[in-house]
Amino acid sequence: MRAPELMLGIDVGTTAVKVAAFGLDGTPVAAHTAGYPIARPRPGWAEQDPLDWWRGCEAGIRAVLAGFPAGAVRSVGVVSQVNTHVFADEQLRPLAPAIIWQDQRCAEIARELDARFTPAEKTRIWGGPIVLDASFVGARAEWFARAEPAKWARTRWVLSPKDFVIAKLTGRLATDQLSGVRVAGSAGYLPEAVGVVDGLAEKLPEILEPEAPVGRATHPALGAAEVAVATMDAFSAVFGSRTTEAGRGMVLCGTSLVVAGASHESVPVGEVVTFPPRNGLFVHAGPTQAAGDALRWWGEVAGLSIEEVLTAAATGTPGVVFTPHLMGERAPLWDSDVRGSFFGLSSATSTADMSLAVLQGVAMSGRHVLDAVERACGNQLSSLTFSGGGARSDLWTQIHADVLQRPVERLRVHDSAVLGAALLGAVGAGLFPDIETAAAETVAVDRVFDPAPGADRLAPLYEAYRGSHAALRDLHGHLAEWRAANA
């Protein structure tokens, strides 16, 4: 009997490490999830222990490959949460908790750095009118240098979670240009971006293409499998959802929501990120701040489990609007001061109504980003896939179809970022000629959800959602000042 050939994907996410093995046709074979906590020691802060990532990877590798013969794994790809940074010394020992993407402690420093560049300079350097926000690596490095000067002096590496894990797997330090989109260009690091902080440039790893092999794994369970440098989880989901062809788009509903679209055009739009073109194809994407995290928060506040929230939402009546800006918002607002809200409440509002509003509010944030993505694409996307943890819920998938006002294709593999990681590893090992071929041969649709009859009645609620930020911007600014004064 022929030994199985497996490709392994690892996603170091915000709440857990997911490790999954796939056949070379994309069929899921085995998977394991190891969760870990987020520490929030101060208002606006969000941290993790980097060693939790590594322990989760080791546990997942052992669990997924139990029972398989040595050498079954042909390739490995590792992806991770983006805009999370760990400061490590020469021996890869973390010098402090990692600052994860939700963290807003660097907002004021980010505004200082952002103000150094005129709109014209941003367009020249980054290709568009971006905003340097609290998750920008330069803001993180400047904060660490000011707050912990002795530790900054000992810092040898500033790494993303996947780069940290890959270094421990192979002994080689490397990253990809997509993970560092605000500090990297097609030919390497952007001097103006890495130059905002003295000493930052030499603390960043070399840049490789996402498919590039980094080296052979040294973990005994992985044999001599080739490891690819891979990329951030959101762009990995681009590959794992086959958003590798013009006109295709995706919604990834995980801890946060990511909306992306592919096109041959690139219209400058400040609300979303446009990645450097690959083979003439642009990918435009926008991450929000809270999707599954909003569901988690509401469940804790309401004293309900996630399943109980979903059950309650199924009986709710539309009419309440929820804005999921619990720790500020990334795309398309890029506003670290804004906070979440419910509005439209009355004495008749029930827990079920508010649960439904949470699910709809996340979908509305997706539509808000989709509007900007399609403007960046220059046209409407012809297809839209749906994946991530939210895809496990028929109700939430249907809500997205209703709010987005178009069919959504739920994928066979919900964890599209993990599949994308495995595909990048497989391309790096030579199992596929390129990532486009790999995606076309492995990504499959499970079910198509069409908008329900009468779903267009939600349009006025979405317009209220859209208008809330402009209407309340000054109020959120006043509250931010109060929080800073009373921290």
Side-chain angles (χ1 to χ4, degrees), residues 251 253 255-259 271 286-302 304 306 308-373 386 390 393 395-406 408 449 451-480:
V251 177
C253 186
T255 302
S256 67
L257 199 76
V258 180
V259 181
E271 298 102 306
T288 70
Q289 196 78 336
D293 204 43
L295 179 59
R296 174 204 59 78
W297 166 81
W298 173 241
E300 291 179 358
V301 169
L304 302 173
I306 297 298
E308 288 170 336
V309 171
L310 294 170
T311 299
T315 66
T317 300
V320 175
V321 176
F322 172 70
T323 61
H325 315 317
L326 300 174
M327 292 189 68
E329 184 55 290
R330 295 189 291 176
L333 302 178
W334 302 105
D335 185 344
S336 59
D337 290 340
V338 68
R339 289 295 182 270
S341 62
F342 286 98
F343 54 96
L345 300 174
S346 75
S347 58
T349 299
S350 66
T351 300
D353 299 338
M354 297 176 76
S355 298
L356 176 60
V358 169
L359 300 185
Q360 290 177 332
V362 169
M364 289 176 186
S365 73
R367 180 169 171 180
H368 198 181
V369 179
L370 180 62
D371 291 345
V373 165
F386 191 70
S393 166
L395 173 65
W396 213 358
T397 308
Q398 183 63 57
I399 285 173
H400 276 82
D402 293 345
V403 170
L404 296 172
Q405 281 292 282
R406 66 186 68 191
V408 297
F449 287 73
D456 55 355
R457 68 182 178 137
L458 299 177
L461 299 183
Y462 174 65
E463 292 306 317
Y465 173 94
R466 283 288 303 267
S468 68
H469 181 252
L472 300 175
R473 183 186 288 113
D474 290 345
L475 176 60
H476 285 300
H478 291 316
L479 290 175

*Asks:* Mind listing the closest non-hydrogen atom pair of Gly286 and Val373 along with its distance?
*Replies:*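 Here Gly286 and Val373 meet closest at N-CG2, 4.4 Å.
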
*Asks:* Determine the minimum heavy-atom distance between Asp337 and Gly477, stating which atoms define it.
*Replies:*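 Taking Asp337 first and Gly477 second, the nearest heavy atoms are OD2-CA, 4.5 Å.
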
*Asks:* If I take atom CG from residue Leu333 and atom OG1 from residue Thr288, how far apart are they, to the nearest 0.5 angstrom?
*Replies:*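 Answer for the CG-OG1 pair, Leu333 versus Thr288, is 10.0 Å.
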
*Asks:* Any non-hydrogen side-chain atom of Trp297 less than 4.5 Å from a side-chain atom of Val301?
*Replies:*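 Yes, side chains in contact.
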
*Asks:* Do Leu370 and Arg406 pass the side chain to side chain contact (heavy atoms under 4.5 Å, CB included) test, and can you show the C-alpha distance, the side-chain angles, and the key distance before you say yes or no?
*Replies:* CA-CA 12 Å; Leu370 180 62; Arg406 66 186 68 191; 3.8 Å; yes

*Asks:* Parallel, tilted or perpendicular: which describes the rings of Trp396 and His400, with under 30° parallel and over 60° perpendicular?
*Replies:*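 If you compare the ring of Trp396 with that of His400, the planes turn out tilted.
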
*Asks:* Please report the closest heavy-atom contact between Leu257 and Val362, naming both atoms and the distance.
*Replies:*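 In this case the closest contact between Leu257 and Val362 is CD2-O, 3.5 Å.
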
*Asks:* Are any side-chain N or O atoms of Thr349 and backbone N or O atoms of Leu345, one a donor and one an acceptor, separated by less than 3.5 Å?
*Replies:*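 Side chain of Thr349 to backbone of Leu345, a donor-acceptor pair under 3.5 Å: no, none is there.
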
*Asks:* Looking at every heavy atom in both Ala363 and Ile399, which two are closest together, and how far apart are they?
*Replies:*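 The pair with the smallest heavy-atom distance is CB-CG2, 4.0 Å.
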
*Asks:* What distance separates Leu304 CG from Thr311 OG1, expressed to the nearest 0.5 Å?
*Replies:*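 Output value for this atom pair is 9.5 Å.
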
*Asks:* Using 0.5 Å steps for rounding, measure from the CG atom of Asp456 to the CD atom of Gln405.
*Replies:*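 Result: 5.5 Å between the selected atoms.
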
*Asks:* Taking the side chain as C-beta and beyond, is there a heavy-atom pair between Leu475 and Leu472 under 4.5 Å?
*Replies:*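 Yes, close enough: below the 4.5 Å cut-off.
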
*Asks:* Would you find a donor on one side and an acceptor on the other, under 3.5 Å apart, between the side chain of Trp334 and the backbone of Glu271?
*Replies:*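 A pair under 3.5 Å: yes.
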
*Asks:* Check whether any side-chain heavy atom of Trp298 sits under 4.5 Å from a side-chain heavy atom of Thr351, and report yes or no.
*Replies:*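 They are in side-chain contact.
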
*Asks:* Please answer whether the main-chain N or O of Ala452 pairs with a side-chain N or O of Asp402 as donor and acceptor at a distance below 3.5 Å.
*Replies:*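 Answer holds: yes.
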
*Asks:* Verify the distance criterion only: is there a donor paired with an acceptor across the side chains of Thr323 and Ser468 at less than 3.5 Å?
*Replies:*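 No donor-acceptor contact under 3.5 Å links the two side chains.
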
*Asks:* Heavy-atom distance under 4.5 Å between the side chains of His469 and Val338, does that happen here?
*Replies:*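 Heavy-atom side-chain distance check passes, below 4.5 Å.
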
*Asks:* Between Arg330 and Asp335, does any NZ, NE, NH1 or NH2 come within less than 4.0 Å of an OD or OE carboxylate oxygen?
*Replies:*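 No, no charged N to carboxylate O under 4.0 Å.
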
*Asks:* Rounded to the nearest 0.5 Å, how far does OH of Tyr462 lie from CE of Met364?
*Replies:*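 Rounded to the nearest 0.5 Å, the CE-OH separation comes out at 9.0 Å.
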
*Asks:* Please give me the minimum heavy-atom distance between Leu458 and Pro318, naming the atom from each residue.
*Replies:*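 Minimum heavy-atom separation between Leu458 and Pro318: CD2-CB, 4.0 Å.
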
*Asks:* Less than 4.5 Å apart, side chain to side chain, heavy atoms only: is that true for Leu359 and Leu295?
*Replies:*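 With C-beta onward as the side chain, the pair touches.
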
*Asks:* Return yes if some donor-acceptor pair links the side-chain N/O of Ser393 with the main-chain N/O of Gly390 below 3.5 Å, else return no.
*Replies:*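 Flag not set: sc Ser393 to bb Gly390 has no pair under 3.5 Å.
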
*Asks:* Measure across Ala348 and Asp353 and return the closest heavy-atom pair with its distance rounded to 0.1 Å.
*Replies:*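 Answer, listing the atom of Ala348 first, then Asp353: O-OD2, 3.9 Å.
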
*Asks:* Just by distance, no angles: are the side chains of Arg466 and His368 close enough, under 3.5 Å, to form a donor-acceptor pair?
*Replies:*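 Arg466 vs His368: donor-acceptor pair found between side chains.
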
*Asks:* Any heavy-atom pair between the side chains of Val251 and Val408 that's under 4.5 Å?
*Replies:*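 Answer no - side chains too far apart.
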
*Asks:* Ignoring hydrogens and geometry, is there a side-chain-to-backbone donor-acceptor pair from Glu329 to Gln289 under 3.5 Å?
*Replies:*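 Between the backbone of Gln289 and the side chain of Glu329 there is a qualifying donor-acceptor contact (under 3.5 Å).
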
*Asks:* State the CD-OG distance between Glu308 and Ser355, to the nearest 0.5 angstrom.
*Replies:*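 The OG atom of Ser355 is 10.0 Å from CD of Glu308, to the nearest 0.5 Å.
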
*Asks:* Measuring from atom CG of Leu479 to atom CZ of Arg339, what distance do you get when rounded to the nearest 0.5 angstrom?
*Replies:*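 One gets 9.5 Å once the value is rounded to the nearest 0.5 Å.
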
*Asks:* Whether the side chain of Arg367 engages the backbone of Leu404 through a donor-acceptor N/O pair (distance < 3.5 Å, no angle test) should be reported.
*Replies:*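 It does not hold such a pair.
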
*Asks:* Just so I know, are the side chains of Tyr465 and Pro324 near enough to count as touching, which here means a heavy-atom distance under 4.5 Å?
*Replies:*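 Result yes, sub-4.5 Å side-chain heavy-atom pair found.
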
